[in-house]
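A short worksheet on the structure shown next.
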Amino acid sequence: MSFRNIHAHGLVRIACAAPRLKVADPAFNVAETGAMLRRAAEGGASLCLFPELGLSAYAIDDLLQQNALLDGVRAALATLVEESRSLGCVAVVGAPLRVEGRLFNCAVAIHRGRILAAVPKTYLPNYREFYERRQFASGERAGALYVDLCGQEVPFGTDILLAASDMPELVVHMEICEDVWTPIPPSSFAALAGATVLLNLSASNVTIGKSDWRHALCKAHSGRCIAAYAYSAAGTGESTTDLAWDGQAMIYENGALLAEAERFAEEPQLIFADIDLERLAMDRIRQNTFGDSADANRDRLGFRRVAFALEPDRQTDIGLARAVERFPFVPSDDARLNELCFEAYNIQSHGLRKRLESTRLDKVVIGVSGGLDSTQALIVAAHTFDALGLPRENILAYTLPAFATSKGTKDNAWRLMRALGVSAEEIDMTPACRQMLVDIGHPFAQGQPVYDITFENVQAGARTSVLFRLANRHNALVMGTGDLSELALGWCTYGVGDHMSHYNVNGSVPKTLIQHLIRWVAQSGRFGPEAAAVMLDILATEISPELVPGEGDKPAQKTEDFVGPYALQDFNLYYTTRYGFRPSKIAFLAEHAWRDAAAGTWPPNMEPDKRIAYDLPVIKRWLGVFIRRFFETSQFKRSALPNGPKVSSGGSLSPRGDWRAPSDASAAPWLKDWERIPD
C-alpha cells in the first residue's frame with residue numbers, strides 16, 4: 001500500500017452528480033448517468049450519487065404509472081449494471097420500481113455488475129407542490145425483503161446498510177429527498193447502527209432561499225450523526241411545467257462543507273470529496289453520548305448489512321480531494337478569523353475576570369518579556385481591568401532582564417507597558433541569578449562560558465519566584481503567560497518557572513493563534529496607535545527564550561531551531577489531540593497542506609517571508625521531535641498545570657479538561673508508525 005494513497009489513511013472518495021436528463025426518457029438518462037459514472041471512476045471515486053428518480057426524471061406525474069416508462073427504467077438499469085462491471089465505483093441511482101403490485105420511489109446501488117440493494121423512500125410529501133402519494137407507496141409499508149432486478153435477487157427495504165468488507169469503516173445508507181426534511185430522518189437510525197456515509201438522492205425543486213435551508217439541513221444532520229452526508233438534487237432537463245430546478249449537490253462531513261456543485265449550471269456537474277472515515281470513527285468513540293443514543297434506540301437499529309468488496313486502488317497517488325488548512329487553529333477566511341479572534345480574546349478576558357472576582361483581588365502581577373506570549377496576556381489583562389472598571393495601574397507589570405536579555409525585547413516590553421498605562425517596573429535578575437549559580441557551584445560562577453540547562457533554568461526560576469513574592473507583597477494574582485504549543489512540547493521550566501502561575505489565560509491558546517490575536521488587537525486600534533505599533537514590532541521579533549548570551553543584540557537561541565517550526569508543531573498537536581491520528585496520517589495531511597507555498601490559502605495578513613513550504617523529510621523530522629517530547633518527556637508538566645480557560649477548538653492540555661495521560665508513557669507505538677513515513 002502506497003503512503004501517498006488516500007486509502008492507506010482511512011479516506012474514501014465519493015462523488016455527487018447532477019446530470020443532464022430528458023423527461024421520461026430512460027435510455028437517454030442512463031447514457032448520461034453511465035458517462036458521469038465513468039468520469040467519477042476515472043477521478044478515483046469509490047461511490048457516485050445521482051438524483052432522485054434520475055433514470056425516469058422526477059416531475060413526470062402520472063407518466064410514472066405507464067408500463068412503457070417502467071419497462072424502460074428496468075432496461076436502463078440493466079444497461080447500467082453491464083456498464084458497471086468494469087468500474088470500481090458504486091453507482092447509486094434513482095428509479096421507480098414495481099414491487100408486489102405497488103410502485104416505490106427507490107435508490108438503487110450498483111457495483112461491478114451486482115445490484116447491491118434497492119431502498120424505497122420512506123416519507124412521501126403530499127403538500128403544496130408535491131403529490132407523491134398519488135404515484136408511490138411508502139417504503140415503511142413494503143413487505144418484500146428481496147426483489148428480482150435484472151435477473152438478480154436484490155435486497156429490498158428501508159433497513160439496509162451497505163458495508164465494504166475490505167474497508168470496515170465504510171458503511172453506506174441511502175435515503176431519498178423528503179426523508180431528511182422530517183423531524184427524525186431514517187438516516188439518524190442508520191448512523192446509530194453504524195452507517196458513516198449517508199446518501200440523499202433528491203429532486204428538490206428550487207425556490208428563493210431554499211438552497212440555504214438545504215445547506216442547514218445537511219450541515220446540522222451530518223454533525224448530529226457524526227457522518228458524511230452527500231446530497232444530489234435534480235437539475236438541467238427536469239420538467240419546468242410548474243417547477244424549476246437548480247442541480248444543487250453538496251458533500252458534508254460532520255458539519256463541514258467539503259464540496260458543492262455550481263447551481264443552475266448549463267453543463268452537468270460532478271463534484272468530489274475525500275471522506276475521512278477514521279476521523280468519523282474516532283469522533284464517535286470520543287463522543288460517548290453518540291453510543292448512549294444508540295443504546296436508547298436499540299429497538300430501531302435492526303438493519304440488514306449487505307457486504308461487498310470495494311477493492312479500491314491502494315497504490316496510485318490520486319491526490320487529496322479535501323482542503324487541509326496549514327493552520328488548523330487559524331482560519332484562512334478573514335471573516336471567520338475575525339470572529340475567532342473576538343471569541344478567543346473574550347474567553348481569555350472573561351476567565352480572568354471571574355478569577356479576580358472569585359478571589360476578591362483587584363491586582364495582577366505579570367512578567368513582560370517583549371515576546372508574543374506575555375504581550376497577549378498583558379493586553380488581555382488591560383481589557384479585563386477596563387471591563388471591571390479597575391485602573392490599569394493595578395496591573396503590576398515587570399520586565400525582568402538577566403544574562404541574555406536583548407535590548408530590543410526589553411525596549412519593546414517598556415514601550416508596551418507605557419502604551420497600555422500599566423504600572424511598570426524593571427528588576428534586574430542578574431545579581432540573583434549569579435548568586436544562585438555561585439551557591440550551587442556552577443562553572444559559570446567561576447567565569448566559564450557554560451550555558452547548560454541549569455544555567456537557563458536558574459534564570460527562568462528566579463523570574464517566577466520573584467513574581468510570586470511580588471504577588472504576596474501586593475495582594476495580587478500572578479498571571480501566567482505560557483501557551484498551548486509550549487505545553488505540548490514541554491518548552492517550559494517546571495514548578496518555579498514559567499510553568500507555574502495563579503491563573504494562565506494563554507494555557508490553551510497555540511502559538512500560531514497568539515500571533516493573529518495580537519495582530520487583530522493591533523489592527524483594531526483599541527489600545528491606541530502607540531500600542532499597536534509596538535505589538536507589530538513584537539510580531540516581527542524572532543521567537544527566543546533569551547536564556548543564553550548572544551552576540552550584540554541578536555539572540556543566541558531560536559526556539560524553533562530546538563523544538564521545530566510552530567506552524568508544523570501546532571499542526572501535529574491538533575491532529576494528535578483532536579482526532580487521535582497516527583503519525584503517518586498526520587504526515588500525509590501535512591505534506592498536502594505544506595508542500596507548495598503557492599497552493600491553497602493563507603491566513604489574512606500573513607507576512608510573505610512566513611509563507612514557506614515544508615517537504616516530507618522536514619515534516620517527518622519535526623514530527624519525530626513532537627512525538628518524543630509530547631508522549632514521553634513532557635506529560636508530568638501538563639499534569640500539574642495552573643487553572644486557565646479552554647479557548648481553542650482543538651482542546652486544552654489541562655488534566656482537568658481535554659487531555660488526561662500518564663506521565664511515564666512510552667512513545668514506542670507512535671514512533672513505530674512514524675517509521676512508515678518515507679524519508
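Counting only residues at least two apart or in different chains, ring pair (Phe, Tyr, Trp, His ring centres under 6.0 Å) contacts with residues 461-487 comprise F468-H502. Within the structure, salt bridge (Lys or Arg N to Asp or Glu O under 4.0 Å) pairs that include any residue of residues 559-568 do not occur (at least two apart or interchain). Annotation: salt bridge (Lys or Arg N to Asp or Glu O under 4.0 Å) contacts involving residues 328-340, sequence neighbours excluded, are absent. Residue pairs meeting the side chain to side chain donor-acceptor pair (under 3.5 Å) criterion with at least one member in residues 620-630, sequence neighbours excluded, are K620-D679. Every pair passing salt bridge (Lys or Arg N to Asp or Glu O under 4.0 Å) that includes a residue from residues 521-548 is listed here, sequence neighbours excluded: R415-D537. Among residue pairs with one or both ends in residues 586-598, those qualifying as salt bridge (Lys or Arg N to Asp or Glu O under 4.0 Å) are R4-E591; sequence neighbours excluded.
Judged as a side chain to side chain contact (heavy atoms under 4.5 Å, CB included), and not counting sequence neighbours, the contacts of L320 are I6, L11, D274, R322, V324, F588, L589, H592. Among residues two or more places apart in sequence or in another chain, the side chain to side chain contact (heavy atoms under 4.5 Å, CB included) test is passed with A532 by A522. With sequence neighbours left out, the side-chain hydrogen bond (donor to acceptor under 3.5 Å, both in side chains) criterion links W670 to no other residue. Taking the side chain to side chain contact (heavy atoms under 4.5 Å, CB included) definition, one finds that N475 meets it with L361, sequence neighbours left out. The side chain to side chain contact (heavy atoms under 4.5 Å, CB included) search around S485 returns D483, P510, K511, Y566, D570, not counting sequence neighbours. For K410, the salt bridge (charged side-chain N to carboxylate O under 4.0 Å, His left out) partners at least two apart in sequence or on another chain are E426.
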